[in-house]
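Residue numbers begin at 1 in each chain, while the letters A, B, ... track the order of the sequences. Only this structure's heavy atoms are used, side chains among them; waters, hydrogens and symmetry mates stay out.
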Amino acid sequence: MIEIKDLHKSYQMGSNSLHVLKGINFSVKAGELVAIMGSSGSGKSTLLNILGMLDVANSGEYKLDGVTIKDLNETKAAKYRNKFLGFVFQSFNLINYKTALENVALPLYYQRIPRKERQEKAMKYLEMVGLKEWSHHLPSELSGGQNQRVAVARAMASEPKVILADELTGALDSTTSYEVMDLIQKINDQGNTILVVTHEDDIAHMCKRIVYLKDGVIIKDEKVKQVRASEYV
Amino acid sequence: MFSRDNWKEIFETIQKNKLRTFLSGFTVALGILIFVVLFGFGNGLINTFDDFFGDDATNVFYLFPGRTSMPYKGYKSNRQIEFENDDLADINKNFALFLEYSTPRISRGGLVKYKEESNNYTTRAVGPAHQYAEKTIMMKGRYLNKEDIKNKTKYAVIGRLVEKDLFGTSNSIGEYIDVAGSAFKVIGVFQDDGGDREERYIYMPYTTRQLIEKNTDKLDQIIVAFKPEIGYVGAMAFEKSLDKFIREKKYISPKDQNGLFIRNVADQLKQNQQFARVLQLIVAFVAFGTIVAGIIGISNIMVFVVKERTKELGIRKALGATPRSVIGTILLESIFITTISGFVGMLIGIGILSSLGEKLKDFFITNPSINIGTAIFATILLIVFGGLAGYIPARRAARIKPIVALRDE
């Protein structure tokens, strides 16, 4: 699903150049649930941003579902993001004046899906994350865990090839974190490919494979025995 | 870009961000409102100036005798000049080519009585042509005629308010009123657009007044009207030669400022109209300034709106919004708000102007109004510049990388 070869990324900070990613080689097959682990500054968020086409690499090759991603302008990147990717962020990033349902329906709006179909689909995904009754509430009226589940539903709504989650439990307490991870595992069970960036060991071990990143290189890439989050809930 | 779905999205955003919508709409509406009202006031000012002269003929000179302030040809200074009947006759004879009509005027105040009612009024002893000079409109009966002048009849033409004061609702024609001790028969009632003051005059033949005053031949004022076809330049030349003629006849120094006064209505009208035009220009300039201030206001709000929405736009971009759709969303929203509120402001302004009508006449503003074309042009100008002002920050927002926009708190 994802293939990366010799990926380099550096940031220009005044006269200094900060080399963040120093040749990443890495691939993800369909249906995998991968955790990218590392301390802050290891380059894990940068890697995820490049995978999410929110940022561009300096050199290297990136293939997503067989499509080579390069020379993107904003319009093209927006179309690929809409078609291939679903995002879940640490700070939820829901639009605060839209209801849960409208937030979930938003990616479908950009896919030019008719309004009625959009709402039906959005409702289906909200139901899946267990928030059907909350569909007409604003994010400010929902708890953190509920907001993150809305965000997961939104990432799912466009039926992407890959879901990218950046510290998705970072703003949640551990009980809520496990609930959200339980949801992620269930979605993965249905065959969706998911990449999770985290620095928390327990969250990483709820995935099927952990990639350890340190100072811009992969130091370890291992399959692990998955811990089911439902055991903790 | 203009699909129903897009509009729905924009309406939702507008509905759910009421304060923002109100602020930008209010700025635009207020800008247009002030523009329309100011511009209308400017026009009202011009209407007032036109009105001032509308109740009198404008092709008229008023000649007033004065008191000399310098000696001339053996005559001492400080000599009171007086017009006499033969002065009027000489003017009529010498300037027949220019003259349309002429009339003397002798004004006297006096107590006027009818039965139990009495009041003080100004009487004006005049010739028949005075009706044209003052644009007197007859309501009942007739004005003074040549026969009245010749026979020195004791006839009076009274103003509408004189009739109302003395006669109430009963008919005044044919009744006798007592004017300072002499009985006059009322032969006509008039009205005048010049206002209440003008409708409290009583007109009588000037020869009758002279007879009452010991058969004198003195005149207070002489009013002469020139033929309109001689034009502005001709009128100026006429005024000059008239001035010269009377000064020679009455032995007034050509340099004496006080011996003779000529009030040239045409010249005054022209000057006042120029003054009004300048005023309107100033008002238009201020009104234009309001529009510019409105444009700056809406620009500021747009910059603020885009700044406030940076994170939202970042989220939208992460979800697949193209730069074009980001610009479109912001721009359509701003154009929609400015259009609606611009036209609302315009209509309110026009409503205010038309409801004012004559109410501000005391402040020299009569029937303020604005040309619909001008109002619409100003509104569209504000919409276009409001759109442009929205486009620049919108384009910048569309260029921000989503990763940067998402970090914005």
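- Counted within 6.0 Å of CZ on B:F343, heavy atoms from surrounding residues, nucleotides or ligands total more than 12; the atom is thus considered enclosed.
- Between atom CG of residue A:N49 and atom NZ of residue B:K401 there is a gap of 10.0 Å, rounded to the nearest 0.5 Å.
- Comparing A:M53, A:K76, A:E102 by how many heavy-atom pairs each has under 4.5 Å with chain B, the most go to A:E102.
- Neither the backbone nor the side chain of A:L138 comes within contact range of chain B; no heavy atom of the residue lies under 4.5 Å from a heavy atom of that chain.
- Residue contact with chain B, scored on non-hydrogen atoms closer than 4.5 Å, is absent for A:L85.
- The neighbour count for A:R115 CZ, taken as heavy atoms of other residues, nucleotides or ligands under 6.0 Å away, is above 12.
- In this structure, chain B has a heavy atom under 4.5 Å from the side chain of A:F89, while its backbone stays farther away.
- Contact of the B:K311 side chain with the A:I95 side chain is not registered, since no non-hydrogen atoms from C-beta on lie closer than 4.5 Å.
- When all heavy atoms of B:L319 and A:L106 are compared, the pair lying nearest together is CD1-CD2, 3.8 Å.
- Under the 4.0 Å criterion applied to side-chain N and carboxylate O atoms, B:K317 and A:E74 are assigned as salt-bridge partners.
- Here the CG-CG distance, from A:N96 to B:N17, works out to 8.0 Å after rounding to the nearest 0.5 Å.
- Inter-residue side-chain proximity for B:I315 and A:R154 is flagged as met; some heavy-atom pair is nearer than 4.5 Å.
- Shown here for A:A78 and B:T322, the closest heavy-atom pair between the two residues is CB-CA, 3.8 Å.
- In this structure, chain B has heavy atoms under 4.5 Å from both the backbone and the side chain of A:Y97.
- Within 6.0 Å of NZ on A:K79 lie no more than 12 heavy atoms contributed by other residues, nucleotides or ligands.
- Residues A:Y110 and B:S325 come closest through the heavy atom pair CE2-OG, 3.4 Å.
- Applying the 6.0 Å contact sphere to CZ of A:F26 captures more than 12 heavy atoms from other residues, nucleotides or ligands.
- More than 12 heavy atoms of other shown residues, nucleotides or ligands fall within 6.0 angstrom of atom OH in A:Y11.
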